[in-house]
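Everything numeric here is computed off the predicted structure, so don't read it as measured data.
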Amino acid sequence: MNPLIVRSVIIDDELPVRRTLRNMLSSVAEVSVVGEAGNVTEGLDLIEEQKPDLIFLDIKMPIRSGFELLDELTKQQRFYGVIFVSGYPDDALTAVQKAAPHLHSDFVVKPIDPLLLKDKFRLFYNKWKADKEHELELTAQLEKAFSHNPELGVPSGPRFLTFQNSVALHRIEVADIMYCESANKQINVYCSRQEHLNVPNLTLDTLEKLLPPDHFIRIGKSHILNREAISYLEKGARPKCRLVLGNRVRELLIYASNVWKVEESYS
């Protein structure tokens, strides 16, 4: 079986450092460097384009620092593995704190020790590989839970999803889902007949593909709503959406830029 490959990007204002990192990583079979950037603005664009698994990130850069890049990603709820590559070891504690919401963080001091770099990557890879394999297994379970009509191309038969972690297994009816929310490295699934479920190691993109699109609508990067449950939309500076299903009422705040998507669901 071919190894799972980590897609990585390098963001550092020094070209020699970027070249050194790329050369050192070229001997590691499990990583592919898919892009480089010399500043934060270019780095954010690169991350948006490439959607990497791992970011090699400098801290001290002109105009905007690596910390500011990380703050922007956290604000947008876009989470990655991060290995800081910096000539300032005193920043290590702050770096780890800044990266706390992300999938993984570590620190390598310049000048870069190639053996230490590979050790740090290996720590990330082992954790990432286990999570990725778990996600693939869960995706296969979810896909198996649906039977598809090949002529219509839409789900038919029972409408259940099975979520499993180390301590419990939950089987829920798709029609009972009010909304799903991505937060803190996991998916929260809110239903009408039970309290919300915390599902680790699952992305909203994966879940979106498995929910029937005629009944569910994606709202921005963080939410999927059951169209049938939407009963009220409050516009204004802080838009709010109310969902009602069965005897359960739930409310959530949404971004103003996503109000039109909720309005579409009424048509």
Side-chain angles (χ1 to χ4, degrees), residues 4 7 47-48 51-54 73-82 99-105 124 127-146 155 158-230 240-246 248-255 257-258 261-262 265:
L4 292 171
R7 292 168 51 82
I47 293 168
E48 175 69 24
K51 296 178 174 56
D53 304 299
L54 177 63
L73 294 177
T74 303
K75 179 181 177 182
Q76 297 175 11
Q77 294 193 358
R78 296 159 59 191
F79 303 111
Y80 305 89
V82 182
H102 289 260
L103 306 179
H104 176 89
S105 67
F124 166 78
K127 177 182 177 182
W128 173 86
K129 181 172 178 285
D131 288 347
K132 184 63 66 175
E133 288 174 344
H134 182 80
E135 181 179 331
L136 292 173
E137 179 183 352
L138 181 57
T139 300
Q141 291 175 358
L142 294 178
E143 289 174 341
K144 189 176 180 180
F146 286 96
R159 301 291 198 273
F160 291 98
L161 292 181
T162 302
F163 299 116
Q164 184 173 5
N165 56 33
S166 60
V167 297
L169 181 146
H170 298 276
R171 184 171 181 263
I172 61 175
E173 188 176 356
V174 171
D176 189 46
I177 298 174
M178 300 180 75
Y179 73 94
C180 307
E181 177 183 50
S182 174
N184 298 325
K185 309 177 191 177
Q186 67 182 11
I187 301 297
N188 296 326
V189 180
Y190 295 85
C191 302
S192 68
R193 294 198 290 268
Q194 59 185 305
E195 293 303 318
H196 77 274
L197 308 177
N198 305 120
V199 185
N201 304 317
L202 179 67
T203 67
L204 207 63
D205 289 340
T206 298
L207 185 57
E208 181 182 15
K209 295 174 184 176
L210 299 169
L211 292 172
D214 54 333
H215 289 97
F216 289 85
I217 181 172
R218 177 76 175 263
I219 304 294
K221 300 180 186 299
S222 304
H223 294 94
I224 298 175
L225 310 185
N226 185 337
R227 295 173 186 266
E228 302 297 322
I230 299 171
K240 181 170 59 177
C241 185
R242 181 180 300 153
L243 299 102
V244 178
L245 196 61
R248 178 84 68 169
V249 178
R250 298 187 186 272
E251 291 187 347
L252 70 153
L253 296 175
I254 62 175
Y255 288 110
S257 59
N258 292 322
K261 294 183 180 180
V262 179
S265 68

Checklist entry - With sequence neighbours excluded, what pairs up with Arg248 under the salt bridge (charged side-chain N to carboxylate O under 4.0 Å, His left out) test? => result Glu195
Checklist entry - So, for Asn226 and Leu245, which heavy atoms are closest and what is the spacing to 0.1 Å? => result ND2-CD2, 4.2 Å
Checklist outcome for this item: Rounded to the nearest 0.5 Å, the CD1 atom of Ile177 sits from the CD atom of Glu228 at a distance of 13.5 Å
Checklist entry - So, do Met178 and Val249 sit near enough that their side-chain heavy atoms are less than 4.5 Å apart? => result no
Checklist entry - Arg250 side chain to Cys191 main-chain N or O, any donor-acceptor pair under 3.5 Å? => result yes
Next on the checklist: According to salt bridge (charged side-chain N to carboxylate O under 4.0 Å, His left out), who are the partners of Asp53, at least two apart in sequence or on a separate chain?
Outcome noted: none
Item to check | Any Leu252 side-chain heavy atom under 4.5 Å of Leu225 side chain | outcome: yes
Next on the checklist: Nearest 0.5 angstrom please: Leu204 CG to Ile224 CD1, how far?
Outcome noted: 4.0 Å
Next on the checklist: Tell me if a side-chain donor or acceptor on His102 pairs with a main-chain N or O of Tyr80 at a distance below 3.5 Å.
Outcome noted: yes
Item to check | side-chain hydrogen bond (donor to acceptor under 3.5 Å, both in side chains) partners for Ser105, two or more places apart | outcome: none
Item to check | Over all atoms of both residues, closest heavy-atom pair of Tyr179 and Leu243 | outcome: CD2-CD1, 4.1 Å
Item to check | Gap between atom CG of Leu211 and atom CD of Glu208 - 0.5 Å precision | outcome: 8.0 Å
Checklist entry - Roughly how far, to the nearest 0.5 Å, is CD1 of Ile219 from CD of Glu181? => result 13.0 Å
Item to check | Distance in Å, His215 NE2 paired with Arg227 CZ, rounded so as to fall on 0.5 Å steps | outcome: 9.5 Å
Checklist entry - What residues, two or more places apart in sequence or in another chain, satisfy ring pair (Phe, Tyr, Trp, His ring centres under 6.0 Å) together with Phe216? => result none
Item to check | Residues forming a salt bridge (charged side-chain N to carboxylate O under 4.0 Å, His left out) with Glu48, sequence neighbours excluded | outcome: Arg78
Item to check | Qualifying residues under salt bridge (charged side-chain N to carboxylate O under 4.0 Å, His left out), relative to Arg7, sequence neighbours excluded | outcome: none
